[in-house]
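Within every chain, numbering begins at 1; the chains are lettered A, B, ... in the order of the sequence lines, protein sequences first and strands thereafter. All values below were derived from every heavy atom in this structure, side-chain atoms included, with hydrogens, water molecules and symmetry-related copies excluded.
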Protein chains: 2
Amino acid sequence: MGSGKTTSFDIAKRAGVSQATVSRALRNSPLVNPETREKVQRIAREMNYRVDRSAAGLRSQRSNTIALLFFEDPTSDDSQINPFFLTLLGHITRYATRQSYDVLVSFQQLSDDWLNEYVVSNRADGIILLGYGDYGRISDKLQRLREEGLPFTIWGATVPELEGHAIGCDNPRGGELATRHLLGIGRRRVAYIGSASDDAPEFKLRYQGYCRALEKAAIEPDPQLLMQTDNLELSAYDATQKLLDSGVEFDAIFAASDLIAFGVIKCLKKNNIAIPDQVSLVGFDDLPAATYFSPALTTVRQDTRLAAHALMGNLLKMIEGEDVTSPRIPISMVVRGSCGGRQG
Amino acid sequence: MGSGKTTSFDIAKRAGVSQATVSRALRNSPLVNPETREKVQRIAREMNYRVDRSAAGLRSQRSNTIALLFFEDPTSDDSQINPFFLTLLGHITRYATRQSYDVLVSFQQLSDDWLNEYVVSNRADGIILLGYGDYGRISDKLQRLREEGLPFTIWGATVPELEGHAIGCDNPRGGELATRHLLGIGRRRVAYIGSASDDAPEFKLRYQGYCRALEKAAIEPDPQLLMQTDNLELSAYDATQKLLDSGVEFDAIFAASDLIAFGVIKCLKKNNIAIPDQVSLVGFDDLPAATYFSPALTTVRQDTRLAAHALMGNLLKMIEGEDVTSPRIPISMVVRGSCGGRQG
DNA sequence: CTGAAAGCGCTTACAG
DNA sequence: CTGAAAGCGCTTACAG
């Protein structure tokens with residue numbers, strides 16, 4: 001037995017072939033004779049042999065690993081990850097496993113040097129970036145990554161500069177659908193709670209969709225009905241309170257995300273404002289928790305499974321050196337009780 | 001410049017030292033002269049150099065990576081991961097980063113061969129197992145891992161056979177606290193919804209705590225008030241309906257987890273049973289979503305940060321060959337509106 | 001279809 | 001404190 005770990009040489013000796021043949025057989029190379037392959041694989045199984053990933057990675061210059069980086073808002077405490085990205089994590093990981101890729105997970109600050117940290121060190125063949133962040137601050141980095149040809153995809157607004165890299169849903173249409181739904185049940189004073197700035201492109205696009213729906217209904221967007229907030233439940237709670245305190249009248253709210261909608265609901269309840277009787281509400285994301293409230297939250301669903309597959313699919317193509325384009329991830333309205341109207 | 005990637009030899013040439021010295025300097029070896037170290041590190045920074053992880057891993061036989069394996073219930077669809085473990089994921093990942101470890105995430109079936117897959121292949125130096133599973137089916141595997149000396153920790157009941165490996169909270173005390181709280185506000189017919197079988201040791205322990213609290217109050221546990229269900233919202237919904245249909249009277253429910261409590265709430269609401277007026281409810285875990293319901297859920301909180309640190313801390317000790325013991329993770333009651341009584 | 005050989009880029013005894 | 005050398009366990013031209 002010896003004391004060392006089992007290597008491909010041990011398998012080779014036992015199988016009566018060369019070590020190179022063992023390597024080929026285990027990787028199902030078509031070069032190797034089927035019978036030889038079977039024999040080698042059987043012996044490898046019997047000896048509980050596993051290819052050493054470090055050795056394979058060093059020689060082939062491929063880690064067969066992708067890094068999944070979550071951007072953290074430094075303002076949020078460290079306990080909560082945005083549930084939307086967590087759903088993505090599940091789909092991405094399963095998809096990766098099916099493609100024989102490992103997934104490395106890490107939380108990063110926007111300012112960190114993840115650019116080199118992962119790909120240059122051969123820890124990962126490519127990276128997926130997740131998180132609503134201050135895009136302005138990372139766009140330089142993304143351009144550099146792009147120029148250096150490092151494979152990466154990112155969840156966000158599908159801007160032309162990041163064609164193929166950026167994957168997102170049709171945010172303007174989502175915003176328009178949500179707002180049109182509120183108008184369709186007779187609401188006229190629809191507030192928007194969420195970001196509408198360049199720092200958060202996807203939210204800005206949702207806001208633009210909101211404006212478009214209003215304009216199509218011949219309603220002028222009222223700046224007093226725009227309450228900017230970042231994507232946190234607590235911030236949304238405060239923003240809602242501010243809207244209430246302003247005394248501006250409104251009969252509906254389009255929350256730019258479900259997380260924001262949750263903060264809105266808590267604040268309206270606190271102020272004894274009835275949903276949907278006094279105020280109708282639509283969110284965005286369709287988090288599992290959207291059904292926990294009474295009434296349950298009407299929201300815009302993004303297809304997270306397709307999103308995950310696009311993020312991984314494009315990344316793997318880039319790793320293979322293929323060309324990619326940015327798909328638009330489908331969205332759909334999920335009507336529950338928080339709007340009232342036709343659905344009661 | 002050349003076309004190849006930057007290696008430690010390139011740094012060595014530029015710094016006028018040997019490649020071995022570069023290696024030492026970058027790893028902050030005390031063997032190297034401070035000035036030499038500074039110089040080497042500066043040049044490495046300038047050249048954007050990163051140590052190749054595969055090469056380092058191959059040579060040192062250390063991956064500096066831990067694998068985080070989630071057991072999936074094959075019955076659940078692939079979208080939802082138990083939020084409790086997701087919280088653990090966050091804490092574990094951050095802790096690992098601070099210790100310069102990478103975290104590999106994967107979803108596994110209980111039956112998979114993760115035993116060899118990760119550690120033997122040198123993909124990870126140790127593994128953390130997460131998931132309420134059918135312990136009976138993996139206890140053999142865990143014993144084998146243990147005998148082979150492969151480093152692993154697991155979230156679960158702290159049984160003597162897995163001393164040091166298993167990390168869990170004081171489940172019996174949690175069950176007892178929850179039940180005592182319900183008795184304290186005057187409830188006498190307390191149902192238990194959740195598993196009470198050997199397949200799910202932590203839930204069984206919570207059930208035992210429930211029984212103990214009842215017995216201390218001179219109440220005989222009523223088998224009719226025990227509704228077994230696995231740890232899914234939908235299953236819990238069905239179990240609650242079954243309890244209702246049975247016609248057995250009850251004035252309180254101890255749900256073995258928050259996820260189960262969520263299913264209970266939905267079912268009680270559907271049946272127009274008022275919480276807490278007609279039925280008081282306590283959960284277990286204190287998921288973020290516990291505050292989304294009206295009334296908010298009273299529950300038993302587990303300190304997930306300490307849990308994560310214990311899982312990682314013990315694992316790292318095992319990797320270093322040190323001895324470990326299983327700590328008990330602290331719990332506490334979080335009283336919200338779902339019980340009524342003193343807190344209203 | 002198979003084998004002998006080279007070499008991926010490090011870390012770590014060993015020697016000084 | 002530093003350097004020359006070995007070697008970790010593979011994959012992959014190259015030759016047959």
*Scan every strand shown for a Watson-Crick or G-U wobble partner of D/dT2, both distances under 3.5 Å, and answer none if you come up empty.*
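Checking every strand shown, D/dT2 finds its partner in C/dA15, with both distances under 3.5 Å.
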Spacing between [X] atom [atom1] and [N] atom [atom2], to the nearest angstrom:
| X | N | atom1 | atom2 | value |
| --- | --- | --- | --- | --- |
| B/L58 | D/dA6 | CG | P | 17 Å |
| A/D52 | C/dC8 | CG | C1' | 13 Å |
| B/R62 | C/dG9 | CZ | C1' | 19 Å |
| A/R37 | C/dC1 | CZ | P | 10 Å |
| A/Q19 | D/dT11 | CD | C1' | 8 Å |
| B/L26 | C/dT12 | CG | C1' | 15 Å |
| A/I11 | D/dC10 | CD1 | C1' | 13 Å |
| A/R59 | C/dA5 | CZ | P | 16 Å |

*Specify the residue among A/A20 and B/L31 whose closest nucleotide of DNA chain D lies further upstream toward the 5′ end.*
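Of the two residues, B/L31 wins.
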Parallel, tilted or perpendicular: which describes the rings of [X] and [Y], with under 30° parallel and over 60° perpendicular?
| X | Y | value |
| --- | --- | --- |
| B/Y95 | B/H309 | tilted |
| B/F152 | B/H165 | parallel |
| A/F84 | A/W155 | tilted |

**Message:** Tell me if the CZ atom of A/R146 is crowded by more than 12 foreign heavy atoms within 6.0 Å.
**Reply:**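 Yes - once you tally the heavy atoms of other residues, nucleotides and ligands closer than 6.0 Å, there are more than 12.
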Margin query: Does B/N28, at its CG atom, have more than 12 non-hydrogen atoms belonging to other residues, nucleotides or ligands within less than 6.0 Å?
Written below: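 Yes.
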Presence of [X] side-chain N/O under 4.0 Å of [N] phosphate oxygens OP1/OP2:
| X | N | value |
| --- | --- | --- |
| B/Y49 | C/dC10 | yes |
| B/S60 | C/dT11 | no |
| A/S8 | D/dC10 | yes |
| A/Q61 | C/dG9 | yes |
| A/T21 | C/dG3 | yes |
| B/R27 | C/dT12 | yes |
| B/T36 | D/dT2 | yes |

_Ion pair A/E35/A/R42, N-O distance below 4.0 Å_ =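 Salt bridge flag = no for A/R42 with A/E35.
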Proximal nucleotide (of [options]) relative to the [X] side chain:
| X | options | answer |
| --- | --- | --- |
| B/A55 | C/dC10, D/dG9, D/dT2 | C/dC10 |
| B/A56 | C/dA4, D/dG9, C/dC10 | C/dC10 |
| B/V17 | C/dT2, D/dG3, D/dC8 | D/dG3 |
| A/R24 | C/dA5, C/dT2, D/dC8 | C/dT2 |
| B/S23 | C/dG9, D/dC10, C/dT12 | C/dT12 |
| B/P34 | D/dC10, D/dC1, D/dG9 | D/dC1 |

